[in-house]
Amino acid sequence: MTATGRSTPATFLGFFDDIRKQMAKENNVSAALFSFNSKGACPVCKGRGAVTTELVFMDPVTTTCEACGGSRYSNEALSYLYKGKNIVEILDMSAEEAEGFFSGRPKICRALHAMVEMGLPYLSLGQPLSTLSGGERQRVKLAKYLGQKGNIYVLDEPTTGLHASDVKTIMKLLDGFVEQGNTVVVIEHNMDVVKLADYVIDMGPDGGTMGGEVVFTGTPQELAEYGQTITADYLRKC
């Protein structure tokens with residue numbers, strides 16, 4: 001499954017269909033009514049949550065849909081409840097909240113637990129992936145493959161913007177991927193990540209147009225002991 005402009009954690013991780021089925025069963029209606037891409041879409045904005053007005057001599061203007069208030073759903077869809085919450089209120093829940101809310105629903109809970117394990121307990125189920133940081137998007141994608149083996153993962157700066165304690169969590173998870181039989185390649189500048197790598201390929205000798213060459217290969221210990229590079233200098237200070 002690939003992410004689209006309408007992708008959310010719930011759709012990308014594949015448990016949104018199960019949520020819709022539960023809503024449909026509870027209310028004895030069609031599951032399509034709880035999709036903003038189908039029958040449940042706001043008739044004005046067609047499930048986009050916003051309306052774009054084309055202007056002749058200026059760039060288009062996009063505003064929040066007044067009919068649905070940006071919820072993307074029709075009034076009919078919002079009138080049905082599951083455990084006291086409508087579909088928008090469910091999608092507004094964080095992964096941590098939803099894990100308790102959907103207890104007893106194994107498939108949904110497995111995906112939610114994977115989000116929590118990836119350090120994303122705060123992320124709402126319906127938040128557009130386009131609004132997430134690069135590191136968050138990478139972790140949502142990793143959550144989809146948690147527990148699998150035999151894969152190769154390439155991550156670009158997954159710790160950008162993270163607190164030091166969160167970096168430790170991510171590294172523990174990546175170690176788990178390796179222990180399960182996967183290969184993880186990480187492009188990083190964070191020395192805490194470099195120190196924990198099994199093997200380092202140091203690119204240099206400098207950054208940007210002054211780089212592009214392999215200046216060292218080996219373990220972090222070997223890099224700190226024998227390396228004559230900028231990375232080695234920083235690593236020795238850590």
Atom pair CG/CZ of D17 and F34 - distance to nearest 0.5 Å | 13.0 Å
If a pair satisfies salt bridge (charged side-chain N to carboxylate O under 4.0 Å, His left out) and one of its residues is in residues 61-84, list it, with sequence neighbours excluded.
-> none
So how far is it from I19 CD1 to Y82 OH, rounded to the nearest 0.5 Å?
-> 9.5 Å
Min side-chain heavy-atom separation V185-Y153 under 4.5 Å = no
Separation between CG of L33 and OG of S38, rounded to the nearest 0.5 Å | 8.5 Å
Measure from the side-chain N and O atoms of E136 to the backbone N and O of S133, and report whether any donor-acceptor pair falls under 3.5 Å.
-> yes
Specify the closest pair of heavy atoms between M115 and A95, including all atoms of both residues, with the distance to one decimal.
-> CE-CB, 3.8 Å
Of all pairs that satisfy ring-ring contact (aromatic ring centres under 6.0 Å, His included), the ones with a partner from residues 207-238, not counting sequence neighbours = none
For L125 against A98, the heavy-atom pair lying closest together | CD1-CB, 3.8 Å
Hey, is the main chain of Q148 close enough, under 3.5 Å, to the side chain of N182 for a donor-acceptor pair?
-> yes
With sequence neighbours excluded, give me every salt bridge (charged side-chain N to carboxylate O under 4.0 Å, His left out) pair touching residues 159-172.
-> none
Under 3.5 Å, is there a donor-acceptor pair linking the side chains of T52 and T62?
-> yes
Rounded to the nearest 0.5 Å, how far does CZ of R139 lie from NZ of K141?
-> 13.5 Å
Excluding sequence neighbours, so at least two apart, what forms side-chain hydrogen bond (donor to acceptor under 3.5 Å, both in side chains) with E89?
-> none
Closest heavy-atom pair and its distance - C45, C68 = SG-SG, 3.8 Å
Output yes when a side-chain donor or acceptor of S35 lies under 3.5 Å from a complementary backbone atom of A32, and no otherwise.
-> no
Contacts satisfying salt bridge (charged side-chain N to carboxylate O under 4.0 Å, His left out) that involve residues 96-120 (not counting sequence neighbours) are D18-K107
Determine, step by step, whether C65 and V51 satisfy the side chain to side chain contact (heavy atoms under 4.5 Å, CB included) criterion, reporting the C-alpha distance in whole Å, the side-chain angles of both residues, the deciding distance to 0.1 Å, and the verdict.
-> CA-CA 5 Å; C65 177; V51 176; 4.1 Å; yes
Answer yes if the side chains of Q127 and Y122 hold a donor-acceptor pair under 3.5 Å, and no otherwise.
-> no
Set of residues satisfying ring-ring contact (aromatic ring centres under 6.0 Å, His included) with respect to Y73, sequence neighbours excluded = F36
Taking the side chain as every heavy atom from C-beta outward, state whether I90 and F102 have any pair of such atoms under 4.5 Å apart.
-> yes
Paired with P158, the side chain to side chain contact (heavy atoms under 4.5 Å, CB included) test is passed by just one of N190, V186, I187, namely V186
Apart from V116 itself, residues in the same hydrophobic cluster as defined by side-chain heavy atoms under 4.5 Å | none
Heavy-atom nearest pair, G40 first then A77, reads O-CB, 4.1 Å
Got L123 and S94 here, is their nearest side-chain heavy-atom distance under 4.5 Å?
-> no
By ring-ring contact (aromatic ring centres under 6.0 Å, His included), F15 pairs with (sequence neighbours left out) none
Which residues satisfy the side-chain hydrogen bond (donor to acceptor under 3.5 Å, both in side chains) test with Q228, sequence neighbours excluded?
-> none
Under the side-chain hydrogen bond (donor to acceptor under 3.5 Å, both in side chains) rule, collect the residues that match up with T169, sequence neighbours excluded.
-> none
M171 versus L174: any side-chain heavy-atom pair under 4.5 Å?
-> yes
Taking all heavy atoms of S71 and all of L78, pick out the closest pair and write down the distance.
-> OG-CD1, 4.0 Å
Please answer: with hydrophobic residues joined when any side-chain heavy atoms are less than 4.5 Å apart, are L146 and L142 in the same cluster?
-> yes
Is a donor on one side and an acceptor on the other found under 3.5 Å between the side chain of D192 and the backbone of V167?
-> no
If you measure from CG on L120 to CZ on R137, what distance do you get to the nearest 0.5 Å?
-> 12.5 Å
Please table the atom pairs, donor to acceptor, closer than 3.5 Å between any side-chain atom in residues 194-205 and protein atoms at least two apart or in another chain.
{"from": "Y199", "atom 1": "OH", "to": "T217", "atom 2": "OG1", "distance (Å)": "3.4"}
{"from": "D202", "atom 1": "OD1", "to": "T231", "atom 2": "OG1", "distance (Å)": "2.9"}
{"from": "D202", "atom 1": "OD2", "to": "T229", "atom 2": "OG1", "distance (Å)": "2.7"}
{"from": "D202", "atom 1": "OD2", "to": "T231", "atom 2": "OG1", "distance (Å)": "3.4"}

With the side chain counted from C-beta on, respond yes when L129 and S7 share a heavy-atom pair under 4.5 Å apart, and no when they do not.
-> yes
Distance-only, no hydrogens or angles: does the N86 side chain make a donor-acceptor pair with backbone N or O of V88 under 3.5 Å?
-> yes
Contact list for residues 220-238, test salt bridge (charged side-chain N to carboxylate O under 4.0 Å, His left out), sequence neighbours left out = D233-R236
Mind checking the CD1-CE spacing from I87 to M23? Nearest 0.5 Å is all I need.
-> 5.0 Å
